[in-house]
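The block underneath contains the structure these notes are about, expressed in structure tokens.
Note that the coordinates shown come from a computational prediction; the quantities given were computed from them, not determined experimentally.
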Amino acid sequence: MSEPTSSEYVAESPAREAWRMYRRNLPAVAGAVILLAIVAATLYGSFFYAGDPFDIVWAPHEMPGVEPGFPLGTDYLGRDILAGLLTGGAPTLTVGLAAAAITMVIGVALGALAGYYGGWVDTLLMRVTEFFQVLPALLFAMVLVTLFSPSIWTIAAAIGVVSWPQTARLTRAEFLKIKELEYVTAARAIGARNKRIIWKVILPNAAAPLIVSATLTIGVAILFEAGLSFLGLGDPNQMSWGLMIGANREYILDAWWPVTFPGLAIFLTVFAVSLIGDGLNDAFNPKLRER
Amino acid sequence: MSFSFLIRRLAYGLVLMLGVVVLNFLLIRLAPGDPAVVIAGEMGGATEEMLQSIRAEYGLDQPVLTQLWIYISNVAQGDLGQSYFFNQPVASLIGQRLGPTILLVLVAQLLSILLGVFLGVIAARKPNGPLSAFVSVFSTLGYAVPVFWTGIMLIILFASTFPIFPVEGMASVRLRDAAWYVRGLDVIHHLVLPAFTLAIIYLAQYARLSRASMMEVLGSDYIRTARAKGAGERSVLFRHALRNAALPILTVAGLQFGNLISGSLLVETVYNWPGMGRLAFDSILRRDYPTIMGGAVLCLCHGGGGQYPHRSELSAGRSAAAGPGMSGIRTTGPRRRGAAAAGQEGANPLCAPGGGAFTPGIFQARKRAG
């Protein structure tokens, strides 16, 4: 596809225009590449580098780069750190995605209802939202996870349950703004029902900020999951980056590498996700780019 | 803020607290696992008779609704119950731990606002300069680093390579009998690393926010007027511009407080800081329900009282107090865009994090955990 020149300008669909803007944004593309690489390593890494991350395979605290079989060294029990890194990404990424999905479903549904209907529906739903917002998020998530025995899905659900209020507020704000616009009045004038106006008219037009918000929510959820596993509240039968840091915390003065590499992995993932989020934001909203 | 507004807020805060107390209570009571067994486990096992007497002692043999009523009426009298694990009143337990957490969170908050706003203000002068680029990069990095990992990295750095700051606890044992000012200095010495660790993320956010907000304000007419009448650069930046750019910063500062408390839970664990975060962590692991519930009720006293519901009103009041002339100029000031703006929510601008469109940097769902 060739770029349209100014003389033969054709109208672009918003999605295509956003993609064109995104492609030009170097940090955003870099973020996407980093994230793809991390996902690929998590999915396919074990084909190329076999090994159970829980197996004790070598002497404890082997320095990285000394023993060719264990390029990133071993931890305090003599477990292979590279194997842990490759398998430890899966729960983190899954929880991140699942928690963001739960957050978006609850947040968008409640925010849309509150913003569209207003009145007592709005008051009631916003009070509920505030109720969840004042609960200290990490503490509440910890309690939930402890109560319902930790697994990937309970952790994702707990993170989703504590993080939706902000999405609900964002959705509500978008709906408050859009429902006053003329095309909504037009849709109502031709007889569209409330349900149709909410899902087919307003929501698609509120999609851009919600997509950006969903991306950033993934990053937040990944940090949440890492924090919970670090505190020992993750799934104990599943190697994860947070668990690796938490387990090796006592020995950091003897060996820096068992905590450094998983931390870098978490950092790179969240960094990539937030670059993508910022890139999407700029792409959907080119007027802000001058800042 | 009128008197009736305050009354309404307070009443609402009370209802909110009651709701959380009930939710906490139900969640914990409906959970699998018998607390009496947990308590007995801490004492090294027990017979069925001992379990019975434990249940009677803690009121666990009553019907759930009776237990709820007893708990609520006790809380109303300031009695948060008896800790299962520490075997002392929850209120006094929290009393011991509250001070260190408040100290940590306040210092971190101050540090991040002062440094962050300063960086942001300087960066806003040259939007395309190196410092601006640094602020952008730093705020993205600061957002992505897990706070507990930063803490561990700093411990590694300062425990062996540069042993100038203590990396654990809040006070040195050997200074226990020293004069008060020596002990005070010792606490400050211990505070450096935890406070800095906690401040890093928020510092980045304040820098980015105040840069955006300042750039908006610096383009307005009254700044040109200030320059035209010959005001110095420092006076223009800090007296004329910053006061008008402060509203979103103050709003976020109010919001961040809750997030700081979540963050301090992790930082306290890393640095063995004897605060509320560690207490909550210990009691969750040990299913010490009265302590967990007491902690949750307390967290609400900070948030539920009225900070969250209509922050914009509160921070409008706060920022009106921050500088004379400010609120007047603000209302006629230019419409804000972008990260500093968020003001799309009809009558309630700046109401929420993510209160408006396209504000990924600061206002959106960036509730930090790790």
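Proximity to chain B (any heavy atom under 4.5 Å) is shown, for A:T269, by neither the backbone nor the side chain. Residue contact with chain B, scored on non-hydrogen atoms closer than 4.5 Å, involves the backbone and the side chain of A:L264 alike.
Top candidate by heavy-atom pairs under 4.5 Å with chain A, chosen from B:T150, B:I155, B:I156, is B:I156. The candidate with the highest count of non-hydrogen atom pairs below 4.5 Å against chain B, out of A:V259, A:I159, A:V273, A:T129, is A:V259. Ranked by heavy-atom pairs under 4.5 Å with chain B, the list A:W256, A:F230, A:F271 is led by A:F230.
A donor-acceptor pair under 3.5 Å is formed between the side chain of A:K179 and the backbone N or O of A:G115. No donor-acceptor pair closer than 3.5 Å links the side chain of A:T217 to the backbone N or O of A:A100. A donor-acceptor pair under 3.5 Å is absent between the side-chain atoms of B:W149 and the main chain of B:P146, judged by distance alone.
Going from atom CZ of B:F138 over to atom CD of B:Q205 covers 11.0 Å, rounded to the nearest 0.5 Å.
Of the listed residues (A:V108, A:T103, A:L110), just one forms a side-chain contact (heavy atoms from CB on, under 4.5 Å) with A:I106, and that residue is A:L110.
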